[in-house]
Amino acid sequence: MAWLGMRGRKRPGRALPFPAGPHLRMAQLAKTAGFDSVVAFPEECVSELQSFKPQVLVAPAQALLAAAHAIFAGDLLLESIDVAIFVLIQIGDTPVPPPERDLIWRAFRVPVYELYVDSESNLLASECEAHDGWHLRSPNLQFFLEGRELLLCCPHQPPIRTGLTASCTDGRCACGDIAPLLRAVTENFKSLAASAS
Ligand SMILES: [Zn+2]
């Protein structure tokens, strides 16, 4: 699902958030890169990825888990990654469950940050530096809770149902970032149960 409000406009820079930066070698497991200064490596180009020696790796959770298993099996060597892993979570998907997140961390041994994106890699929210939730990353983007479900809305656009919930949706963050923060973002099991009945 693309974020409708961003269509037809000049696209803003799509820089990855801290601790990424253009001075780093940054790779994305994908056919095309969704962010500035990031080089894309499709699945069949693993050897090129190793030669590139990325310091930052961006990918959906399933691709990162596959890479983690390949590392544990000795089939993939990515010891160059020394800054961060960014996990892409598209609208409709859920945050990475703790056991899977732990597996990704054990494979790469660097901080893991979730990025909430639409299908065109527009960054909607990104995990707090202090891992205390997700900060909204689009200035026009607002959120509200309907029941327990987290909805995202942009002016003149219908709200997007996320299938997620958050336990706290206001207040200043200890990390110093003043962007709105969503805390304890998880799958909204309650609404799913209600819709199934
Ligand atoms: Zn924060």
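In this chain, residues are counted from 1 in sequence order.
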Looking at every heavy atom in both [X] and [Y], which two are closest together, and how far apart are they?
X      : Y      : value
Pro17  : Leu123 : CD-CD2, 4.0 Å
Cys175 : Glu129 : CB-CB, 4.5 Å
Gln90  : Tyr116 : O-CE1, 3.8 Å
Leu151 : Glu146 : CD1-CB, 3.9 Å

Taking atom CD of Glu79 as the centre, report whether more than 12 heavy atoms of other residues, nucleotides or ligands fall under 6.0 Å from it.
no
Enclosure of Glu43 CD (heavy-atom neighbours >12, cutoff 6.0 Å)
no
[X] side-chain N/O to [Y] backbone N/O, donor-acceptor pair under 3.5 Å:
X      : Y      : answer
Arg25  : Lys53  : yes
Gln55  : Val83  : no
Thr165 : Thr186 : no
Asn188 : Gly163 : no

His69: what forms a ring pair (Phe, Tyr, Trp, His ring centres under 6.0 Å) with it, not counting sequence neighbours?
none
Show, in sequence, the C-alpha distance, side-chain angles and deciding distance for Trp134 and Ile89, and conclude whether the side-chain contact (heavy atoms from CB on, under 4.5 Å) test is met.
CA-CA 12 Å; Trp134 292 357; Ile89 299 170; 4.1 Å; yes
Quick test of your reading: applying ring-ring contact (aromatic ring centres under 6.0 Å, His included), list the pairs with at least one residue in residues 19-45, sequence neighbours left out, ordered by first then second residue.
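Only Phe41-Phe52 qualify under ring-ring contact (aromatic ring centres under 6.0 Å, His included).
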The single option from Val56, Ile81, Leu57 that satisfies side chain to side chain contact (heavy atoms under 4.5 Å, CB included) with Val110 is Ile81
